[in-house]
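Right, one structure below, let's go through it.
Residue numbers begin at 1 in each chain, while the letters A, B, ... track the order of the sequences. The basis for the numbers below is simple: all heavy atoms, side chains too, and nothing from hydrogens, waters or symmetry mates.
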2 protein chains.
Amino acid sequence: MSNSRNFEEKLRSAGLRPTRQRLEICEVLFDRKETFHFTIDGLQKILKNKLNTKISIATVYNTINSFKNKGYIKEISLNSEKTYFDTNVTNHHHFYDETTSELIDFHDSDVEHLQLRKNLPGKKIKSIEVLVKVANK
Amino acid sequence: MSNSRNFEEKLRSAGLRPTRQRLEICEVLFDRKETFHFTIDGLQKILKNKLNTKISIATVYNTINSFKNKGYIKEISLNSEKTYFDTNVTNHHHFYDETTSELIDFHDSDVEHLQLRKNLPGKKIKSIEVLVKVANK
DNA sequence: CAATATATTAGAACAATTCTAAAGTGCTTT
DNA sequence: AAAGCACTTTAGAATTGTTCTAATATATTG
Ligand SMILES: [Mn+2]
Ligand SMILES: [Mn+2]
Ligand SMILES: [Zn+2]
Ligand SMILES: [Zn+2]
């Protein structure tokens with residue numbers, strides 16, 4: 001598989017050198033079909049399991065912040081406890097399951113007519129996102 | 001004006017004694033017609049101006065947390081920098097103005113048919129809220 | 001005006017994130 | 001392949017937002 005090649009190019013395209021640590025982080029974040037939601041803490045645990053050694057927390061933060069700034073991931077805020085990140089950078093909506101603390105994507109096609117009647121003069125809309133909080137019945 | 005009377009009762013109804021500090025906080029939060037969005041930091045600055053002495057940060061946090069737990073205010077998360085609070089505890093939507101860092105309410109009647117097609121089996125919906133990020137044109 | 005229960009406060013503790021600067025690695029040039 | 005330089009990683013310090021602690025102050029009750 002030429003994934004590490006791909007990730008190398010991805011990193012270079014972002015002006016980042018393809019180091020061992022960054023390639024491992026890429027594997028966790030991008031080597032999957034499905035969308036991936038994570039916290040820094042969760043990511044570090046995954047990396048620790050994967051590698052049996054740990055990548056320093058500063059490197060994890062630096063890398064994630066670089067990816068965020070490059071537009072390869074985005075930040076999702078839904079409560080004050082944890083900051084979530086999302087490898088799906090398109091404009092989309094979320095279910096947040098309060099029972100499991102899980103985030104689940106959904107898309108424009110899953111809501112009817114999300115059309116604003118209200119407008120703010122002199123402002124342009126950057127994003128419109130719906131957050132649906134759910135819990136066990 | 002019998003506002004301090006009202007606030008006294010409000011505090012008692014929440015099982016809180018009406019102290020000087022809590023009454024001052026009530027005035028800032030609730031003695032207004034419009035909805036009020038604030039951060040802890042912003043609230044403390046308002047209180048300091050109003051009083052010329054400061055209420056300790058621990059008291060501000062304790063009081064706001066009590067009000068949150070009693071359902072008198074709610075927490076709004078929109079970025080990882082600051083936690084916002086809202087005296088409007090109804091289910092409603094927000095514009096977040098990235099240029100001014102201001103939060104503006106809007107309501108169900110301001111969106112067309114916010115109706116979900118997607119559903120999660122075994123889960124019940126706690127809230128559906130839209131966040132519209134805007135910035136200067 | 002006690003006695004007692006609860007609240008306020010400064011500062012300590014804690015957690016998440018960023019900064020610092022020393023040591024290590026990757027890249028370019030030879 | 002080695003040298004030199006730029007960039008990266010790291011541990012630990014610093015910073016920030018929040019909660020805890022325990023001593024002092026205030027509110028309530030009798
Ligand atoms: Mn690997
Ligand atoms: Mn006053
Ligand atoms: Zn998502
Ligand atoms: Zn609001």
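- Using a 4.0 Å cut-off on heavy atoms, the residues of residues 54-75 of chain B that approach DNA chain D are B:A58, B:Y61, B:N65, listed by number.
- Side-chain N/O atoms of B:D105 and B:H93 include no donor and acceptor closer than 3.5 Å.
- Here the closest non-hydrogen pair linking A:V89 and A:G71 is CG1-O, 3.5 Å.
- Counting only heavy atoms from C-beta outward, the side chains of B:T63 and B:I55 never approach each other to under 4.5 Å.
- Between the CD1 atom of A:I40 and the C1' atom of C:dA15 there is a distance of 14 Å, given to the nearest Å.
- The list of salt bridge (Lys or Arg N to Asp or Glu O under 4.0 Å) pairs with a residue in residues 53-65 of chain A, not counting sequence neighbours, is empty.
- The two residues B:T90 and B:H92 come nearest to each other via the heavy atoms O-ND1, 2.7 Å.
- DNA chain D is contacted by both A:T19 and B:E81; A:T19 maps to the nucleotide lying nearer its 5′ end (nearest heavy atom per residue).
- Each of B:Y61, B:F85, B:F30, B:F7 was scored for a ring pair (Phe, Tyr, Trp, His ring centres under 6.0 Å) with B:F67, with one residue passing: B:F30.
- Nearest heavy atoms, A:L29 versus A:T87: O-CG2, 3.5 Å.
- The distance between atom CD of A:E8 and atom C1' of C:dG26, rounded to the nearest whole Å, is 11 Å.
- Taking the side chain to side chain donor-acceptor pair (under 3.5 Å) definition, one finds that B:T83 meets it with nothing, sequence neighbours left out.
- Sorted by first and then second residue, the salt bridge (Lys or Arg N to Asp or Glu O under 4.0 Å) pairs involving residues 71-90 of chain A (not counting sequence neighbours) are A:K68-A:E75, A:K74-A:E129.
- Counting non-hydrogen atoms of neighbouring residues, nucleotides and ligands closer than 6.0 angstrom, the CZ atom of A:R20 reaches no more than 12 such neighbours.
- Residues satisfying the ring-ring contact (aromatic ring centres under 6.0 Å, His included) criterion with A:F36, sequence neighbours excluded, are A:F38.
- Between its opening and closing five pairs, the helix from C:dC1-D:dG30 to C:dT30-D:dA1 changes axis direction by 30°, a value rounded to 10 degrees.
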Table of protein N/O atoms under 3.5 Å from nucleotides 23-25 of chain C N/O atoms:
none

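- With sequence neighbours excluded, no residue satisfies side chain to side chain donor-acceptor pair (under 3.5 Å) with B:N91.
- Extent of DNA chain D lying under 4.0 Å from chain A heavy atoms, first and last nucleotide in 5' to 3' order, is D:dA6 to D:dA11.
- For B:S13, the side chain to side chain donor-acceptor pair (under 3.5 Å) partners at least two apart in sequence or on another chain are B:Y72.
- For B:D97, the side chain to side chain donor-acceptor pair (under 3.5 Å) partners two or more places apart in sequence, or in a different chain, are A:K123, B:T100.
- Under a 3.5 Å cut-off, the side chain of B:R12 and the backbone N or O of B:P18 do not form any donor-acceptor pair.
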Which protein N or O atoms sit under 3.5 Å from an N or O of nucleotides 28-30 of chain C?
none

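- Heavy atoms of A:T83 sit under 4.0 angstrom from primed sugar atoms or phosphate atoms, though from no base atom.
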